[in-house]
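Read through the structure below, which is laid out as structure tokens, and then see the notes.
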There are 2 protein chains.
Amino acid sequence: MAPRRNTGSTGTGRRADALSRERIVEAAVELLDTAGESGLTFRVLTERLATGAGAIYWHVANKGELLAAATEAVVAAALTAAPARAPRTPREAVRAVALGLYGAIDAHPWLAPQLAVQMPRDPVKSVTPRIYEAVGRQVRALGVPESAWFTGTSALVHYILGAAGQNAANGRAARAHVGTDRGEFLDSVSTAWEALDPGEYPFVRAVAKQLRDHDDTEQFLAGVDLILAGITALHAPGAGASD
Amino acid sequence: MAPRRNTGSTGTGRRADALSRERIVEAAVELLDTAGESGLTFRVLTERLATGAGAIYWHVANKGELLAAATEAVVAAALTAAPARAPRTPREAVRAVALGLYGAIDAHPWLAPQLAVQMPRDPVKSVTPRIYEAVGRQVRALGVPESAWFTGTSALVHYILGAAGQNAANGRAARAHVGTDRGEFLDSVSTAWEALDPGEYPFVRAVAKQLRDHDDTEQFLAGVDLILAGITALHAPGAGASD
DNA sequence: ACCTGAACACCGTTCAAGT
DNA sequence: ACCTGAACACCGTTCAAGT
């Protein structure tokens, strides 16, 4: 049963700190950021907001809806934020949007699984069209034929979500090893890869040192460039290749 | 505390249906496939295997380890399975590996979030090196310089996981709408996209019909081809472009 | 209209006890 | 060495009752 929502004017004074869907979502994001997905609990949310469980359920149908709202709030903010430097070419514009999403997922690691699950769940109201619109506009600006728009955009979106998700999980894994930062963590993985069986894992051993030396963000952008190069190589023989 | 494991010879006759880590993992996969991730519960696992909870905990440290073991079993099988037609070129070989992973995630939708979380968690024993090895060997066979191996391989892996994850979530979402198959589901999404605000979502509206008409697997392979084209465009001016 | 908080059904995990 | 099953702490959700 869907809960009733704030239907508008309650007439007179509400307390300044009155409970609202907005405040609940805000508190949820804070909790997710500081304590991770398993840290978001109706009990601690209840304490933080100094209410009862029922109060939250009056504003929000269930935990899934709360997670969806938290996801949408954070992604909307990330897509709205202007890039540090105004992009001068379509390629730069694609990179900027990609970096914006990558950064948001890096800052809020709980976003990654959430986006994967939620994007198709409600593909209309949810965050999906926003992401496709933001990325797709820049693909269109590349000057490739319309038939290439959808393929190029969804390839980019899938790559961005996949790469950012792995990066976020890397951060979680690094944090799990006490006293280890991301660099040391990748270092130890690289060492372990070098020790794998040469017969079974020749390739992994060969790239182990590239894993050690790589910079996450650079690597991410290199992947974006690969897809961009593919888009312009398969389409648009003349235009759009400048940068 | 890590549980003790089966240390080997118990001497004499065990029951033919004796509990074992293998049987537990097998039952877990079955449960995940039929009931989804939320369907895997120690209680129903306990019933299915006709034991007590403690028995399972003797073989498996906790639920996370059980999920990791289930993931590895399924992915290993998918990577080992020979493709229907022997690939004749490096590009075909990349496509075959990509399709294998895509198909495994499509058949076992719970794999997608599991892979995202688990790959970095134990990047040595776990499934990660297997996937990188399988994909990377074919990238190497493309004939591009060694400096391009890692970037190209991780771009492909991230894309594959991202795309397969979205596809799996699409399936879940479609199944959630009663009496709706994947095609009807995408149809309704496409219609909804066409109804979005023209000022805010011009791009999404423009590609709505391509969303309706597309074939999931074709679309996935088109993305793989985009990355392959990018790899050969940015590297290997001479070799590797035949197909 | 909005909130309280006890109660319910369910979950992963532990552990003394058995064989 | 391997298994039993009651018990524990915790979770999301409901709902009669208050204001």
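All chains are named by letter (A, B, ...) in the order of the sequence lines, taking the proteins before the strands, and each is independently numbered beginning at 1.
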### Query
Is there a donor-acceptor pair closer than 3.5 Å between any side-chain N or O of S20(A) and the backbone N or O of R23(A)?
yes
### Task
Verify whether the ring centers belonging to W193(B) and Y201(B) lie closer than 6.0 Å.
no
### Query
Considering only side-chain heavy atoms of A55(A), which listed nucleotide, dC11(D), dT14(C), dT4(C), is closest?
dT4(C)
### Message
Return the CZ to CD distance between R205(B) and E200(B), rounded to the nearest 0.5 Å.
### Response
11.5 Å
### Query
Would you call the rings of Y159(A) and H158(B) parallel, tilted or perpendicular, where under 30° means parallel and over 60° means perpendicular?
tilted
### Message
How many whole angstroms separate atom CG of L49(B) from atom C1' of dG5(D)?
### Response
16 Å
### Query
Within a radius of less than 6.0 Å around CD of E184(A), do more than 12 heavy atoms belonging to other residues, nucleotides or ligands occur?
yes
### Message
Rounded to whole Å, how long is the line connecting atom CD1 of I24(B) with atom P of dT13(C)?
### Response
13 Å
## Note on the structure
Whole-Å distance, R23(B) CZ to dC3(D) C1', equals 13 Å
### Message
Expressed as a whole number of angstroms, how long is the span from N62(B):CG to dT13(C):C1'?
### Response
9 Å
### Query
Between R212(B) and T191(B), is any side-chain donor less than 3.5 angstrom from a side-chain acceptor?
yes
### 5' priority, DNA chain C, between R43(A) and L40(B) [closest heavy atom]
R43(A)
### Message
Need to verify one output field. Residue with the more 5' nearest nucleotide on DNA chain C, A53(A) or F42(B)?
### Response
A53(A)
#### Entry: Nearest-0.5 Å distance, CD1 of residue I56(A) to CG of residue L45(A)
4.0 Å
### Message
Can you measure E37(B) atom CD to dC11(C) atom C1' for me and round it to whole angstrom units?
### Response
14 Å
### Query
Can you tell me how far P of dA17(D) sits from OH of Y57(A), to the nearest Å?
21 Å
### Task
Could you tell me the separation between the CD atom of E47(A) and the P atom of dT4(C), rounded to a whole number of Å?
14 Å
### Task
Convert the base pairs of DNA chain C into dot-bracket notation, remembering that pairs crossing earlier ones are written with [ ] and that bases paired across to another strand are shown as |; include only Watson-Crick or G-U pairs under 3.5 Å.
||.|||||...|||||.||
### Query
Roughly how many Å is it from NZ in K63(A) to C1' in dC11(D), rounded to a whole number?
8 Å
### Query
Can you tell me how far C1' in dA17(D) sits from the matching atom in dC2(C), rounded to whole Å?
13 Å
### Message
From the set dC3(D), dT13(D), dC3(C), return the single nucleotide nearest to any side-chain atom of L19(A).
### Response
dC3(C)
### Summary
Quick note, W58(B) side chain, CB onward, closest among dC3(D), dG12(D), dC3(C) is dC3(D)
### Query
Closer than 4.0 Å, any side-chain N/O of T51(B) to the OP1 or OP2 of dC3(D)?
no
